[in-house]
Amino acid sequence: MATLLTGKSVVERMAQGLAPRIDALVQAGVTPTLTLVRVGERPDDLSYERTAVKRAEALGIAVRRTMLDELAPQEALEAALIELNCDSDVHGCLLFRPLPSFMDEGRVCELLVPDKDVDGITLASLASVFTDGRTGFPPSTAAACLEMLDHYGIPVAGKHVVVVGRSLVIGKPVSMMLLRRNASVTICHSKTEDLARLCASADIVVCATGRARAFGAEFFSPGQTVLDVGINFDTQGKLCGDVDFEAVEPVVGAITPVPGGIGSVTTSVTMAHTVEAAERAAAHRGLLGTAACGNGR
Ligand code: NDP
């Protein structure tokens with residue numbers, strides 16, 4: 001039976017680590033503040049928003065909302081982001097994506113200042129992931145994969161990790177972050193040949209394809225660690241990951257469930273990035289020593 005890598009204990013440990021840092025900020029007169037920016041009312045966004053608000057409130061992070069009608073012109077969203085950039089009381093901004101198809105998402109994302117980019121959507125943040133820089137923050141889900149491995153003491157250095165998926169949100173950044181930790185990373189995608197054999201040869205497999213229960217037992221081997229990043233709905237409308245959990249759990253050494261795995265940690269990572277963004281801003285204004293800043297990378 002595999003070890004279940006649940007997000008709950010990771011979330012609790014992260015909250016314990018954040019509490020004194022948030023206290024120190026409040027003592028310095030700074031309330032860490034996250035603004036959620038949503039266009040329209042997509043059920044996925046609303047559900048994530050509820051989770052984020054609950055998590056933030058429990059930690060003592062203030063949440064603001066900027067909401068635009070789904071037919072709002074791109075200029076309205078751009079103006080809202082520019083206003084956020086200039087608001088020194090806002091430390092982090094989470095823009096729900098995908099944006100409506102008539103908007104130029106790349107252009108919109110680039111408007112956010114990297115200092116407030118707590119979900120790694122700007123090119124400057126992504127460049128830092130590739131160059132080991134300290135501008136902005138890495139995408140939260142990619143960072144959540146590392147948090148999960150660290151929390152459960154799963155070594156990465158020298159290990160062979162297969163990452164399935166090459167998006168800028170998960171596949172590519174998590175591959176770079178694992179590489180920085182001295183893993184040997186194989187990045188796979190929809191054109192990869194012999195994917196099952198490659199996955200089965202790895203020490204750790206990260207599945208991030210968005211294909212409901214597509215990874216059956218034939219993709220895995222005993223002792224492996226499996227991080228299932230997928231958030232999908234099966235034909236019955238039930239929430240599930242990319243991995244066929246029932247078939248794979250008896251085979252591997254450790255596995256994240258869906259729900260209750262990487263997704264729950266992702267929200268906490270965004271909160272941790274917001275706290276660090278507030279620390280960096282406070283240090284810049286001389287309200288907090290630079291040594292007080294956590295390390296979001
Ligand atoms: P994308 O659609 O942007 O990327 C999917 C990737 O999977 C692509 O690189 C694609 O390859 C690859 N892929 C698709 N089909 C196959 C296949 N048959 N074999 C191998 N690779 C394949 O998705 P995202 O990266 O944005 O999201 C992936 C999943 O993660 C989704 O389920 C999403 O809901 C979930 N997610 C979870 C989050 C969390 O907090 N846990 C946060 C964000 C997303 P190619 O490039 O060749 O097309």
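When a ligand or atom number is given, it counts from 1 through the structure's own listing order.
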The single option from L149, V205, L146 passing side chain to side chain contact (heavy atoms under 4.5 Å, CB included) against L227: L149
Polar contact flag for D242 and ligand 1 (N/O pairs, less than 3.5 Å): no
Heavy atoms from other residues, nucleotides or ligands near CD of E83 exceed 12 (cutoff 6.0 Å): no
Residue, atom name and distance, where the atom is the protein heavy atom closest to atom 15 (N) of ligand 1: R211 CD, 3.4 Å
SB check R42 D45 (cutoff 4.0 Å): yes
Identity and separation of the nearest protein heavy atom to atom 21 (N) of ligand 1: H189 C, 3.1 Å
Which residue and heavy atom of the protein sit nearest atom 8 (C) of ligand 1, plus the separation: R166 N, 4.0 Å
Nearest-contact summary for atom 40 (O) of ligand 1 - protein heavy atom, Å: T266 OG1, 3.0 Å
Identity and separation of the nearest protein heavy atom to atom 25 (O) of ligand 1: S167 OG, 2.6 Å
Minimum-distance protein heavy atom relative to atom 41 (N) of ligand 1: V229 O, 3.3 Å
Over 12 foreign heavy atoms within 6.0 Å of CZ, R285: no
Contact with ligand 1 for C188, non-hydrogen, under 4.0 angstrom: no
Among L195, T192, T209, V269, closest by any non-hydrogen atom to atom 7 (O) of ligand 1: T209
Aromatic ring pairing F96/Y48, orientation class (parallel under 30°, perpendicular over 60°, tilted between): perpendicular
Nearest neighbour in protein (non-hydrogen) for atom 47 (O) of ligand 1: S190 OG, 2.6 Å
Atom 2 (O) of ligand 1 touched by protein heavy atom at under 4.0 Å: no
Closest approach of any protein heavy atom to atom 31 (C) of ligand 1, naming residue and atom: G210 CA, 3.5 Å
Cluster overlap L195 with V243, hydrophobic side-chain contacts below 4.5 Å: yes
I231 and ligand 1 - part of the residue with a heavy-atom distance under 4.0 Å: both
T141, portion touching ligand 1 at heavy-atom distance under 4.0 Å: side chain
Option of least heavy-atom distance to atom 6 (C) of ligand 1 (set: C207, G171, A208, P139): A208
